[in-house]
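Working notes for the structure below.
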Amino acid sequence: MCGIIGVTGGRAVTDVLLQGLERLEYRGYDSAGVVVQTGTELWRARAARGTSSLAELRRIVDGAPRPSAAGIGHTRWATHGHPTEANAHPHLDCSGRVAVVHNGIIENYRELAAKLAAGGHVFSSDTDTEVFAHLLEDELTGGASLAEAVRATLRDIRGAFAVAVVWAGEPGTLVAARRVSPLIVGVSDGEGSEDGPEAYVASDIPAILGRTRTLFAIDDDQVVELRPGVMRVRTLAGKAIEVPQLSVDYDLEAAEKGGFADFMSKEMHEQPRAVGDTLLGRLQGDGTLLLDELRIGPDELRQVERVLVVACGSSYHAGLVAKHAVEHWARLGCEVDIASEFRYRDPVLDERTLVIGVSQSGETIDTLQALREARQWGAKVLVVANVVDSSMAREADGVLYTHAGPEIGVAATKTHLAQIAALEVLALYLAQLRGGLSPADARLLLADLAGLPDLVQQALDRDADVARVAERFADVRDFFFLGRHVGLPVALEGALKLKEIAYVRAEGYPAGELKHGPIALIEPGTVVIAVATRTPVWEKMMANVAEVRSRGATVVLLANDGHDETAEQADEVLWVPETHPLFAPVVDVVPLQQFAYHVGRGRGLDVDRPRNLAKTVTVE
Ligand code: M6R
């Protein structure tokens with residue numbers, strides 16, 4: 001996790017760093033820090049105040065303005081070492097002349113630290129990162145340039161990293177490199193800007209998008225040397241290489257709050273557009289689907305005998321919906337795996353297995369590594385991602401983008417809905433290729449799909465009703481979320497949202513499984529939120545609702561508009577418009593997002609930046 005940024009050139013190094021860190025805060029905010037080169041020295045400022053770290057850092061930096069040739073910055077999500085100021089990046093070597101920011105984990109840092117300590121190096125933090133600064137110190141003392149020192153040092157390092165470094169001995173030089181963790185480079189020739197030429201590195205595009213649109217993605221084991229307006233990339237062995245420029249479709253304005261109280265509510269309100277844009281151009285009037293950008297051709301897809309979805313968190317829940325869609329329409333066996341578990345068993349895969357990685361960021365390390373594993377087994381890998389040119393998108397055989405736009409709030413909302421929409425399209429496309437969908441059925445289904453943005457808007461418009469229900473249960477500390485069929489992933493997602501946004505214990509459970517143990521927890525007053533919209537198992541779901549009601553539970557039911565039979569069994573109803581049962585999760589998740597949002601806000605919490613979380617999880 002963690003976000004890194006670096007800049008060389010221009011007149012506003014600290015401004016560029018702080019603004020970039022603000023945009024990277026979604027990657028962690030346990031602490032924040034910067035180092036800038038002033039003359040032939042480095043100056044460092046750090047703050048470890050949880051969600052106020054960046055504000056505190058800005059206060060320190062603004063209080064000591066100084067002209068700088070280059071600088072690096074970091075926003076941290078703690079892995080090794082407590083979230084203290086001493087552990088905040090940038091980290092320095094013994095001389096204080098080399099500074100490093102790092103995202104990732106250096107797996108062999110204990111071994112390296114022991115060697116360095118034996119050689120006389122003194123450590124001032126508990127982090128894995130600091131070894132990197134001391135290793136560089138040794139190389140630089142031996143006469144290497146900064147870029148040479150980085151290349152030599154990385155050859156000794158095992159693990160995942162994106163690093164950026166500056167050295168007092170080379171003013172205006174910024175060196176960065178990556179292995180596994182993401183790294184973007186930007187270059188500006190300064191034309192039309194008072195700041196003159198600049199160059200930047202960052203963990204993610206929005207951090208530098210306001211400065212330049214000339215962007216490059218750095219690959220594993222590439223080392224980039226930056227001077228104002230100039231980029232040079234070499235392999236670890238020192239071979240010069242060309243890096244292709246990225247195509248960027250981000251609109252920076254879209255990354256701002258746009259009048260909403262927080263990013264989460266803005267992003268929930270953008271859901272109709274996110275779903276609409278994801279469907280756009282993919283549904284044809286004649287009932288066929290057009291996925292010409294997939295990179296995996298129709299013939300290859302026709303060979304597929306089995307589908308496996310790997311993902312984490314909300315993306316995993318989208319995968320659970322996909323299982324229903326793929327099996328029902330494409331008649332292909334489909335399993336869904338939690339990515340962090342997938343790698344550590346012996347999965348059975350071959351070239352006839354289609355492995356679908358679902359990831360908003362396209363950078364989640366568990367999913368990325370699971371997909372790499374799948375490719376090694378010869379499987380075809382297709383990624384459903386939101387971030388264009390993300391690591392997964394670049395490495396996979398094929399990619400299907402969701403077009404939700406940048407999501408800043410840590411909670412997945414609009415990207416989750418867009419993922420389900422994209423996976424439904426993919427399932428129907430596979431069905432179409434396999435001849436399993438009649439043109440008449442396809443036309444009806446595509447019409448239902450096209451109607452989803454409108455239904456999502458209708459669900460959003462009931463926000464005030466959801467807010468009232470959330471207020472009634474504001475003090476409840478334990479919830480059960482129940483669902484069956486495609487209602488189960490909806491229930492799981494509702495529980496996840498409540499946990500992460502409102503810090504309330506919420507158990508998502510298959511309703512039919514309750515009687516095999518967890519029903520023992522139901523007692524008078526237990527609050528159960530059940531997805532009771534019209535799936536093929538509605539009657540069975542209502543039988544499970546009766547089981548908890550008869551034991552005294554207070555029941556909130558998600559019911560389709562006008563379905564009074566459901567409402568009669570509820571203490572509270574969250575109404576949603578009805579659609580095809582397999583598309584229903586796109587609509588049904590909305591009130592559960594709103595519920596978590598209102599409970600979280602009601603408790604005075606920062607819904608955009610929940611504690612202990614980060615938007616993109618790049619550590620195992
Ligand atoms: O970027 P990804 O979709 O791979 O992220 C996966 C999860 O980390 C993510 O969905 C997480 O569970 C969200 N915070 C949920 O709101």
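In what follows, residues are counted from 1 in the order of the sequence shown. Start at 1 and go down the list; that is how both ligands and their atoms are numbered.
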Kindly indicate whether a cation-pi arrangement holds for R178 with F161, taking the cut-offs as under 6.0 Å to the six-membered ring centre and within 45° of the axis.
no
Could you tell me whether some N/O pair between K615 and ligand 1 is separated by less than 3.5 angstrom?
no
N/O to N/O below 3.5 Å, does that happen between A412 and ligand 1?
yes
Do the side chains of E267 and K414 get close enough for a salt bridge, i.e. N-O under 4.0 angstrom?
no
I'd like to check whether E500 has a polar contact with ligand 1, where a contact means an N/O of the residue lying under 3.5 Å from an N/O of the ligand.
yes
Please report whether ligand 1 has a polar contact with V410, defined as an N or O pair separated by less than 3.5 Å (distance criterion only).
yes
Where the side chain of K499 meets the backbone of A506, is there a donor-acceptor pair that is under 3.5 Å apart?
yes
Distance from atom 10 (O) of ligand 1 to nearest protein heavy atom, with residue and atom:
S314 N, 3.1 Å
So, D221 and R179, do they make that salt bridge, N to O below 4.0 Å?
yes
Taking atom 7 (C) of ligand 1 as the reference point, the nearest protein heavy atom with its distance
C312 O, 3.7 Å
Salt bridge present between R372 and D220 (N-O < 4.0 angstrom):
yes
Could you tell me, atom by atom, which parts of ligand 1 come under 4.0 Å of a heavy atom of A411?
16 (O)
What is the nearest protein non-hydrogen atom to atom 5 (O) of ligand 1, stated with its residue, atom name and distance?
T364 OG1, 3.4 Å
Summary of side chain to side chain donor-acceptor pair (under 3.5 Å) pairs that have at least one residue in residues 582-599, sequence neighbours excluded:
D262-Y597, Q271-Q593, D463-Q594, D463-H598, T533-D588
Considering only NZ, NE, NH1 and NH2 on the basic side and carboxylate oxygens on the acidic side, decide whether E335 and R306 come within less than 4.0 Å.
no
Apply ring pair (Phe, Tyr, Trp, His ring centres under 6.0 Å) to W329 and list each qualifying residue two or more places apart in sequence or on a separate chain.
H580, F583
Under 4.0 Å from a heavy atom of S359: which atoms of ligand 1 are those, numbered in the order shown and with their elements?
1 (O), 2 (P), 3 (O), 4 (O)
Of all the heavy atoms in K497, does at least one lie under 4.0 Å from an atom in ligand 1?
yes
Of all protein heavy atoms, the one nearest atom 8 (O) of ligand 1 is V617 CG2, 4.1 Å
May I ask you to check whether F479 and F595 place their ring centers less than 6.0 Å from one another?
yes
Minimum-distance protein heavy atom relative to atom 1 (O) of ligand 1
S361 OG, 2.7 Å
Provide the number and element of each atom of ligand 1 under 4.0 Å from a heavy atom of S315.
2 (P), 3 (O), 10 (O)
